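Working notes, beginning with the structure itself.
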Amino acid sequence: MVQKKLPDAERARIDAYFRAANYLTVGQIYLKENPLLRDPLSASHIKPRLLGHWGTSPGLNFVYAHLNRAIRARDTSMLLLVGPGHGGPAIVANAYLEGTYSEIYPHVSRDLSGLTALFRQFSTPGGIPSHVGPPTPGSIHEGGELGYVLAHAFGAAFDNPGLVVVAVVGDGEAETGPLEGSWKGISFLNPARDGAVLPILHLNEYKISGPTVLGRSSDEDVRRLLEGHGYAPRFVTGDDPATMHDLFAATLDDCLDAIDAIVQKARSEGVRERPRWPVLVMRTPKGWTGPKEVDGVPIAGTFRAHQVPLGEVRTNPAHLAMLESWMKSYRPEELFDDKGTLRPELAALPPCGERRMSASPHANGGLVSKPLVVPDIERYAIDVPAPGRTKVESTRRFGELMRDIYRENPRSFRLFCPDETNSNRLGAVFEVENRCLVERTIPTDDHVSPDGRVMEVLSEHNCEGWLEGYVLTGRHGVFATYEAFALIVASMTTQHAKWLEASNDLPFRAPVPSLNILLTSTCWRNDHNGFSHQGPGFMDTVLSKKGTVSRIYLPPDGNCLLSVADHCLKSKNYVNLVIIDKQPELQWLDLPAAREHCARGASVWGFATNDGGQAPDVVLACAGDVATLETMAAAAWLRKNAPGFRVRVVNVVDLMSLASPGEHPHGMPSDRFESLFTESAPVVFAFHGYAGAVHQLLHGRANPSRFHVRGYREEGTTTTPFDMVVLNKTSRFHLVVEAIRRAAEPPPNGQLLIDECHEILTRHTAYVREYLEDMPEISGFVWDVP
Ligand SMILES: Cc1ncc(C[n+]2csc(CCOP(=O)(O)OP(=O)(O)O)c2C)c(N)n1
Ligand SMILES: [Mg+2]
């Protein structure tokens, strides 16, 4: 049991600071003027709409004041991530008290007019949102969608050896799947080369209107749970601020001492086993220091404190009086001087400069980011002497590129993957890096070490969250995952995209490296698996995000993948989604042609086109590697069987190039769009994902009803590659039939060809069921058109 006491003067100062933060929190929620209550409070001072969360805020203010003390005492570089990000006014209050807020937003000055602006802007139109978010200095974590705070904290700590990342976890948040899974981060945190993560589990006993599991669990059960996760918990419980200041300060010191000891040991002796990292469990009442009872109903310490405890202050004089006395209970006259400026003895409590958590450069990762060194992709280029003749596993070359990126950027690049690095043909990275695991390893393990930087954890939430934390603090990485299971983190990616969208409007936020997601093991070629592994829907999530941040690439082959990867890895502030399968596939373009094609986003493949530069009878368009293969096979079949039929092949690698320029910055202007797709020719479009995505993008283009899109339509099982495209009516023969049917002038033998296609499809179905593999003329297809 820790018993150390703070000196009286220091305790009083911390308490005053805590009161100041609480005062500013309440003021933000309620007031639009009269910030220091120098006039008697009246209904006209109150905002018409009261929007915000009080309940979690005093706990956050308490933690913040104590972290400040510890930072000063120890000269620690600390980052604070707030899981219950709905406590936005608390974190804004602290950034204001530290001066950072006024440095970034000069109109929110450290005086009466600034206080008025601070209060007025909160949760109001044209102001700031109610949650911690991009506008909040010092934050990399919004905490709007609960569950990711620990994953982000570990991502921020990786390769950041001087940093302590404190992560406040709400007890409601602790009920989420992602949070429960993210305690495992310590099994991947190497104290010799990484920073530390100190979770503060805040048991205020409630979520919105009901109790929490851990809030109602005994200390003993909570202790056992956290010990089972590998931590050494310390408890701080109480509701009397004076006692709590002593207890919390001593316990925090104890935690930070434990972290120092772990780090020092690891750095002098090496890492032999997973350390037992501290975790601080804090039990304080929800809505601590706020109204105890309103209209005979208990508030503080209950779920009713979650949002706005006094709802009728504009209309109910009793409520108004309660608000006034509540705010005055913090004794603002002792905290702010005549001008409305924080008194100097309190302004001296937080650390200075970049040690202020609200001014940490790590929370504005673009400031500390160094450009990624990407070797010349020429080294990995696939030799393509003629298109469509040789098969190569495209992702293997990307793995080789990443191997050398690891070499060139040993402390600022990581690959995150749910244990599919090898299966996704990215295994070249193991030539230079091991899998990271800070647990027992045994001789039969393959490339596993506490020093490894290939982050394999079977949790898409952790992979995504770690990468988000890593890039938001300025480093670089890739998340590679099975296409179908990317949907598990569709919501996280959405939140990250929103973060970037909002950051784009904030000049103080320096651009951060992009979030790169590689989807492989795609729906079309999930050979070992089946229907459950066939789902291209993640693309639709990224498609719906703003053009300023979202990018989707469907490289048709390995050299295009290299070109796209080179671009994505060097880019900033985007969510880059790259989709390509890992299986051996025909290669179409040599590297110079691939570079040119990718730069254009979409182009006519002249070698596959026989329209002689004139209006074609049909355009065969494609996006995605398997879609490209089927399209090319359809073009070849038509060239052989209907030589006079003029076919143009258009390949789309940058999906967003299909959009109108007003919708997406990559959108092609109409003249270029029409130079590819013509104004009126029918277009048969073979697509990697669900057809609706292409239709959505084509909205506003000339004559969009001439586009006939074939894509994945929820048909599938464990079957042959060609059977998959047949089941989804996207096979080369389906494309041929569609082309002939849609053409204004079909070939003279059109009906015969259609009959023949149906006959081949019937034969295919019988063949695969009898021989359990694709017909040789299908699997052996190569581009042999003269
Ligand atoms: C994933 C997710 N589900 C639901 C919500 C709605 N929500 C907002 S706050 C809250 C309660 C949070 O409880 P807790 O984490 O204990 O925070 P605190 O008690 O400190 O407010 C909920 C359920 C959310 N923000 N995110
Ligand atoms: Mg709670």
Side-chain angles (χ1 to χ4, degrees), residues 60 64 67 77-88 90-92 94-95 98 100-101 104 128-129 131-160 162-169 173 178-179 182 185 194-200 354-369 412 414 416 461-462 464-477 479 492-506 508-515 549 572-575:
L60 297 176
Y64 209 115
L67 293 178
S77 171
M78 209 179 261
L79 202 59
L80 176 64
L81 273 60
V82 176
H86 43 283
I91 304 306
V92 168
N94 278 285
E98 289 178 340
T100 321
Y101 209 87
I104 293 172
I128 61 165
H131 282 63
V132 178
T136 319
S139 176
I140 60 161
H141 174 83
E142 146 127 8
E145 185 167 285
L146 300 165
Y148 315 135
V149 70
L150 272 183
H152 284 165
F154 283 106
F158 294 146
D159 287 316
N160 242 334
L163 192 66
V164 175
V165 186
V166 176
V168 179
V169 180
E173 176 174 32
L179 195 288
S182 61
D194 297 329
V197 173
L198 173 62
I200 298 184
E354 293 186 348
R355 282 288 188 255
R356 293 172 297 178
M357 291 182 284
S358 56
S360 168
H362 297 288
N364 192 356
L367 294 179
V368 290
S369 188
S412 57
R414 292 199 188 194
F416 302 84
H461 289 114
N462 276 329
E464 168 81 19
W466 290 350
L467 176 59
E468 289 176 1
Y470 202 64
V471 296
L472 286 171
T473 47
R475 285 77 56 73
H476 308 261
F479 169 31
M492 291 182 83
T493 311
T494 295
Q495 297 299 328
H496 187 81
K498 285 175 186 290
W499 180 280
L500 296 177
E501 286 169 13
S503 298
N504 275 334
D505 296 331
L506 297 163
F508 89 91
R509 289 249 168 225
V512 292
S514 297
L515 186 84
V549 304
K572 291 198 165 167
N573 269 16
Y574 297 145
V575 172

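Everything quoted here is computed from the prediction, not taken from an experiment. Sequence positions, counted from 1, serve as the residue numbers for this chain.
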Would you name the heavy atoms of L150 and S182 that are closest together and state the gap between them? CB-OG, 3.2 Å

Set of side chain to side chain contact (heavy atoms under 4.5 Å, CB included) partners for A90, sequence neighbours left out: T25, S57, L60, N61

Are V166 and M357 close enough that some pair of their side-chain heavy atoms sits under 4.5 Å apart? no

Quick check for you: to the nearest 0.5 Å, what is the distance between L80 atom CG and I140 atom CD1? 10.5 Å

Which of L472, L367, T473 passes side chain to side chain contact (heavy atoms under 4.5 Å, CB included) with V512? Answer is L472

Of all the heavy-atom pairs spanning T100 and P137, show the shortest one and how long it is. CG2-CB, 4.0 Å

Taking side chain to side chain donor-acceptor pair (under 3.5 Å) as the definition, give me every residue that meets it alongside D159, ordered by chain and number, with sequence neighbours left out. R414, R453, Y470

With sequence neighbours excluded, tell me which residues meet side chain to side chain contact (heavy atoms under 4.5 Å, CB included) with L163. S77, L79, N160, V165, H362

Applying salt bridge (Lys or Arg N to Asp or Glu O under 4.0 Å) as the test, list every pair that has at least one member in residues 357-366; sequence neighbours left out. none

Considering residues at least two apart in sequence or located in another chain, which fulfil the salt bridge (Lys or Arg N to Asp or Glu O under 4.0 Å) criterion with R509? none

Could you tell me which residues satisfy side chain to side chain donor-acceptor pair (under 3.5 Å) with E145, sequence neighbours excluded, listed by chain and number? Y148, S491, Q495

To the nearest 0.5 Å, what is the distance between NE2 (H496) and OG (S503)? 8.5 Å

Please list, chain by chain and in numerical order, all residues satisfying salt bridge (Lys or Arg N to Asp or Glu O under 4.0 Å) with R475, sequence neighbours excluded. none

Listed partners of P84 passing side chain to side chain contact (heavy atoms under 4.5 Å, CB included), at least two apart: T56, V82, H86, V168, E173

Is there a donor-acceptor contact under 3.5 Å from the side chain of N364 to the main chain of F508? yes

So which heavy atom on I91 is nearest to which on Y64, and how close? CD1-CD1, 4.1 Å

If I take atom CG from residue L500 and atom NZ from residue K498, how far apart are they, to the nearest 0.5 angstrom? 12.0 Å

Test ring pair (Phe, Tyr, Trp, His ring centres under 6.0 Å) applied to F479 - qualifying residues, sequence neighbours left out: none

Do S369 side-chain atoms and G365 backbone N/O form a donor-acceptor pair below 3.5 Å? no

Approximate separation, where rounding is to 0.5 Å, of M492 CE and N462 CG: 8.0 Å

To the nearest 0.5 Å, what is the distance between CG (L198) and CG (L67)? 8.0 Å

Taking every heavy atom of V197 against every heavy atom of A157, the minimum-distance pair comes out as CG2-CB, 3.8 Å

Quick note, side-chain hydrogen bond (donor to acceptor under 3.5 Å, both in side chains) partners involving residues 133-144, not counting sequence neighbours, are H141-H152

Atom of P129, atom of P135 and distance for their closest heavy-atom approach: CD-CG, 4.1 Å

